[in-house]
*Asks:* 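The structure's right below; bear with me while I get my questions together.
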Amino acid sequence: MKRILIPLFVCSLTLFSFAQNELKIPINIKPAYKNGTRSFDGKPGKNYWQNKSDYNIKVNLDTKTRLLKGSEDVVYYNNSSDTLTQIVVRLYHNIGKPNAKRDFNLNEESLTDGVKLKKIIVENTEIEITNKSLVNISGTNLTLNLTQKLAPNNKINLTFDWETQIPAVQSIRYGSYDSTTMFIAYWYPQISVYDDIDGWDKLDYSGTLEMYNDFNNYNVEFTIPTGFQIWATGVWQNPEEILTQKYLDRYESAWKSDEVVRIITEEDLTAKDIYKTKNEFYTLKFKADNVPDFAFGISDHYLWDAVSFEPEHNSDRRVYCAAAYNLSSKDFVDVAFYAKEALKYYSYEMPAVPFPFPSATVFNGSGGMEFPMIVNNGSASTKAGTVHLTSHELCHQYLPFYMGTNERKYPFMDEGWAVMLPFDFQERTAEGYNPRERYVKTYEEFAGNEYDLPIMIPSPTISYRTYRTSAYNKSANAYEILRKTLGDKLFLKAMQTYMERWNGKHPIPTDFFFTFNEATGQNLNWFWKSWFYNFGYPDLAISKIQSKKNSIIVEIKNIGSLPLPIKLQVMFKDKVIKEIYQTADAWKSGKDTIELKIDGVKNYDAVILGSELIPEVNSVDNVYFK
């Protein structure tokens with residue numbers, strides 16, 4: 001008899017693992033499971049690895065000319081099993097060059113010369129920037145070809161000197177908001193991600209897609225004109241050198257206070273006694289550990305509030321929550337409070353994971369954009385708008401900054417969660433606001449049309465219209481329906497398991513799907529396939545009703561094939577006499593028609609299917625008249 005050899009990794013799979021593998025795994029991802037960096041039970045594989053960097057950055061920022069000059073020393077750690085022949089570095093501000101590839105037009109005043117590299121040093125050897133055999137700049141990527149390969153479990157020392165012009169107006173996720181106020185992001189030469197899926201991430205930054213970064217350590221020193229304040233990723237290391245005692249006391253008290261402390265008020269700005277030094281410049285120092293990026297805001301006339309809270313019971317640790325804002329942004333007077341309450345909600349209720357970072361600041365710039373430990377938010381005209389924007393952007397501190405997901409390929413792994421997780425908080429904090437209904441309606445506008453593509457299609461291949469639907473609206477509805485299907489207790493167990501396994505790492509969609517399957521003890525592939533892989537859309541219909549003595553049997557057809565909750569109301573003389581609700585698992589068998597029996601119904605005028613909280617593209621066939 002001929003012996004058949006079965007690879008060891010196949011033998012190690014359980015029957016449950018094979019059930020997991022029913023989901024489509026692209027051929028570029030399959031090697032990660034074969035090589036043991038990922039596993040079919042959703043856990044990081046025994047051979048999982050990821051790289052990281054230590055950044056020491058010194059910045060000089062001329063607030064009059066808005067010219068930022070920087071010098072950074074980087075230690076890059078190759079923890080992979082691969083020998084690297086090159087290092088890929090991101091130069092994000094090259095998107096501002098006049099001829100740069102962009103997803104949308106920019107104000108001409110925001111165009112710049114991009115990142116001007118002044119010096120590159122690799123392992124104490126200066127590299128000629130014009131040497132194209134070693135230095136290749138294409139779009140927003142710089143590729144350094146190494147003369148000496150970087151072996152596994154080794155590190156390399158890099159130095160970059162550069163300068164970049166901050167536009168006088170708002171640009172993409174950074175820029176100026178008045179003559180002395182700027183928010184600055186994507187600003188330093190940043191080592192790209194080398195992972196077990198794609199190797200080096202060489203996607204060009206063109207404006208829509210956001211970030212995918214390793215978890216790094218930062219020490220950043222800002223030399224700026226006296227009278228300016230910086231709010232940034234990380235924790236301020238030398239406030240006692242900068243602030244006079246009055247303001248230092250306020251700042252330090254905010255780290256211990258359950259009530260909002262007004263550190264800088266309108267009156268304080270006119271008093272001009274905030275800062276110690278009489279010199280023209282001073283240096284502010286910040287430190288941030290194990291975070292995927294660093295951003296900051298600066299102004300000489302912003303108000304400053306702060307407060308803190310305990311992110312877990314019986315702990316000495318407190319989280320500092322701040323708001324820095326323009327006097328004209330009247331809603332921001334409450335933002336530090338909303339930030340604290342939102343982070344308490346995330347810490348104790350949903351997802352009930354203690355806030356992982358020491359601080360979080362809401363900077364009053366424009367729009368809404370998240371960065372580790374700081375977000376850039378515009379002012380809102382309503383309480384609902386302020387609460388929504390504050391809680392949404394701060395939710396991103398968990399996803400992607402705690403979880404390390406790849407927003408460039410899979411934005412539904414962070415944006416959808418940042419929409420769905422704060423629903424309860426937003427509803428009870430902003431009275432009369434119904435975010436669930438808002439996102440059902442927003443999804444319905446595009447559901448089933450030609451731009452409604454499967455969520456799993458990587459973002460670089462789709463249009464902005466599809467991107468917005470997939471990343472935010474459709475995925476948020478999927479997560480909310482999943483929560484209702486599993487129930488809060490089981491949903492939280494699965495979510496916390498996922499976050500415990502993958503925080504500080506780089507999960508991909510199948511890691512999330514497989515973890516939920518394993519943590520719930522259920523094969524949820526019927527749900528993942530329908531909502532994330534297929535072309536389904538939300539469309540249920542009542543096809544017929546049969547009367548049986550004191551009951552009726554309602555036949556419901558799933559025209560759009562998405563597994564949706566079912567809500568039925570039986571009407572008699574303009575009153576609801578019976579109401580039933582069935583979670584989305586009514587469709588897990590894969591059948592497109594089911595029957596629901598409603599007892600205790602002798603007479604009825606009509607039966608109504610659906611709810612404002614359940615997406616539906618065609619409600620015409622959702623009412624059945626007797």
Side-chain angles (χ1 to χ4, degrees), residues 52-76 89-93 115-121 157-166 174 180-191 213 215-244 247-248 251-252 255 263 274-300 302 304 320 322 324 357-361 363 371-374 376:
K52 62 175 292 185
S53 299
D54 292 333
Y55 290 87
N56 285 284
I57 308 176
K58 293 185 178 180
V59 179
N60 282 274
L61 179 58
D62 186 328
T63 53
K64 292 182 179 179
T65 64
R66 300 177 308 282
L67 183 64
L68 183 154
K69 295 182 178 181
S71 177
E72 69 181 28
D73 294 319
V74 187
V75 182
Y76 179 69
V89 183
R90 296 171 179 151
L91 306 176
Y92 282 111
H93 280 200
V115 179
K116 293 182 178 180
L117 288 170
K118 300 298 183 178
K119 182 185 293 185
I120 300 175
I121 298 176
N157 295 283
L158 307 165
T159 295
F160 300 95
D161 289 355
W162 82 99
E163 63 183 46
T164 184
Q165 183 76 43
I166 309 304
Y174 75 102
T180 56
T181 302
M182 292 171 273
F183 188 86
I184 302 176
Y186 293 169
W187 55 280
Y188 59 96
Q190 178 190 88
I191 310 299
N213 303 328
F215 288 83
N216 310 308
N217 299 319
Y218 294 85
N219 284 287
V220 184
E221 297 184 5
F222 298 97
T223 298
I224 56 175
T226 298
F228 280 82
Q229 183 64 49
I230 280 181
W231 298 268
T233 299
V235 176
W236 190 12
Q237 298 297 295
N238 63 333
E240 71 285 349
E241 297 176 9
I242 306 299
L243 298 175
T244 59
Y247 298 96
L248 179 64
Y251 172 75
E252 291 180 339
W255 280 85
I263 299 175
I274 300 172
Y275 304 105
K276 276 184 177 181
T277 184
K278 302 302 179 184
N279 296 328
E280 188 177 356
F281 301 96
Y282 49 36
T283 299
L284 281 69
K285 302 176 182 179
F286 287 81
K287 180 179 176 60
D289 293 330
N290 202 38
V291 294
D293 201 0
F294 193 105
F296 66 97
I298 181 171
S299 183
D300 65 350
Y302 263 27
W304 183 8
Y320 164 89
F357 302 114
S359 69
T361 297
F363 185 85
F371 298 91
M373 299 168 64
I374 188 168
N376 180 18

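This is a predicted model, so every value here is computed, not measured.
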*Asks:* Would you say the ring centroid of Tyr247 lies under 6.0 angstrom from that of Trp304?
*Replies:* no
*Asks:* Go through the steps for Trp236 and Ile242 under the test side chain to side chain contact (heavy atoms under 4.5 Å, CB included), then give the verdict.
*Replies:* CA-CA 11 Å; Trp236 190 12; Ile242 306 299; 3.7 Å; yes
*Asks:* Applying salt bridge (Lys or Arg N to Asp or Glu O under 4.0 Å), name anything that partners Lys116, two or more places apart in sequence or on another chain.
*Replies:* Asp113
*Asks:* Please report, to 0.1 Å, the donor-acceptor pairs under 3.5 Å made by any side chain of residues 221-232, with sequence neighbours excluded.
*Replies:*
residue, atom, partner, partner atom, Å
Thr223, OG1, Thr283, OG1, 2.9
Thr226, OG1, Asn279, O, 2.7
Thr226, OG1, Glu280, O, 3.3
Gln229, OE1, Tyr275, OH, 3.1

*Asks:* Can you tell me how far the CD atom of Glu252 sits from the CD1 atom of Ile263, to the nearest 0.5 Å?
*Replies:* 10.5 Å
*Asks:* Using the salt bridge (Lys or Arg N to Asp or Glu O under 4.0 Å) rule, collect all pairs that involve residues 55-64, keeping only residues at least two apart or in two chains.
*Replies:* none
*Asks:* Any chance you could measure Trp255, atom CH2, to Tyr320, atom OH, to the nearest 0.5 Å?
*Replies:* 7.0 Å
*Asks:* Would you confirm whether Asn157, through its side chain, and Val75, through its main-chain N or O, come within 3.5 Å as a donor-acceptor pair?
*Replies:* no
*Asks:* Could you list the residues that satisfy side chain to side chain contact (heavy atoms under 4.5 Å, CB included) with Ile121, not counting sequence neighbours?
*Replies:* Lys119, Glu126, Thr159
*Asks:* Which residues pass the ring-ring contact (aromatic ring centres under 6.0 Å, His included) test with Tyr174, not counting sequence neighbours?
*Replies:* His93
*Asks:* ring-ring contact (aromatic ring centres under 6.0 Å, His included) with Tyr302: which residues, sequence neighbours excluded?
*Replies:* Phe363
*Asks:* Pick out which of Thr164, Ile120, Leu91 makes a side chain to side chain contact (heavy atoms under 4.5 Å, CB included) with Pro189.
*Replies:* Leu91
*Asks:* Mind listing the closest non-hydrogen atom pair of Pro358 and Val235 along with its distance?
*Replies:* CG-CG2, 3.6 Å
*Asks:* By side-chain hydrogen bond (donor to acceptor under 3.5 Å, both in side chains), which residues pair with Asp293, not counting sequence neighbours?
*Replies:* Tyr188, Gln190
*Asks:* Could you tell me whether the side chain of Glu163 reaches within less than 4.5 Å of the side chain of Asp161, counting heavy atoms only?
*Replies:* no
*Asks:* Who pairs with Ala360 by side chain to side chain contact (heavy atoms under 4.5 Å, CB included), at least two apart in sequence or on another chain?
*Replies:* Leu343, Phe355, Leu394
*Asks:* Please report the shortest heavy-atom distance between Leu61 and Met182, naming the atom on each side.
*Replies:* CD2-CE, 4.1 Å
*Asks:* Could you tell me if the side chain of Phe296 sits less than 4.5 Å from the side chain of Phe286, heavy atoms only?
*Replies:* no
*Asks:* Rounded to the nearest 0.5 Å, how far apart are OG1 of Thr63 and CG of Asp300?
*Replies:* 7.5 Å
*Asks:* Taking all atoms of both residues into account, what is the closest heavy-atom pair of Ser359 and Met373, and its distance?
*Replies:* OG-CE, 3.2 Å
*Asks:* Within the side chain of Gln165, is there an N or O that forms a donor-acceptor pair under 3.5 Å with the backbone of Thr65?
*Replies:* yes
*Asks:* Can you name the residues that form a salt bridge (Lys or Arg N to Asp or Glu O under 4.0 Å) with Lys287, not counting sequence neighbours?
*Replies:* Asp289
*Asks:* Yes or no on side chain to side chain contact (heavy atoms under 4.5 Å, CB included) for Asn217 and Lys52, after CA distance, side-chain angles and deciding distance?
*Replies:* CA-CA 8 Å; Asn217 299 319; Lys52 62 175 292 185; 3.4 Å; yes
*Asks:* For atom NZ of Lys276, is the number of surrounding heavy atoms from other residues, nucleotides or ligands below 6.0 Å larger than 12?
*Replies:* yes
*Asks:* Side chain to side chain contact (heavy atoms under 4.5 Å, CB included) with Glu241: which residues, sequence neighbours excluded?
*Replies:* Asn238
*Asks:* For the residue pair Phe357 and Asn290, what are the closest heavy atoms and their distance?
*Replies:* CE2-O, 4.3 Å
*Asks:* Of all residues at least two apart in sequence or in a different chain, which pass the ring-ring contact (aromatic ring centres under 6.0 Å, His included) check with Trp162?
*Replies:* none
*Asks:* Using side-chain heavy atoms (C-beta onward) and a distance below 4.5 Å, is Ile191 in contact with Leu158?
*Replies:* yes
*Asks:* Taking C-beta and beyond as the side chain, do Ile374 and Phe183 meet within less than 4.5 Å on heavy atoms?
*Replies:* yes
*Asks:* May I ask you to decide if Ala295's main-chain N or O and Thr233's side chain share a donor-acceptor pair within less than 3.5 Å?
*Replies:* yes
*Asks:* What is the distance from atom CG of Asn216 to atom CG of Asp54, rounded to the nearest 0.5 Å?
*Replies:* 7.5 Å
*Asks:* Residues two or more places apart in sequence or in another chain: which of them pass ring-ring contact (aromatic ring centres under 6.0 Å, His included) with Phe160?
*Replies:* none
*Asks:* Atom CG in Asn376, atom OG1 in Thr361: separation rounded to 0.5 Å?
*Replies:* 12.0 Å
*Asks:* Within the structure provided, determine whether Leu243 and Ile274 are in side-chain contact (heavy-atom separation under 4.5 Å).
*Replies:* yes
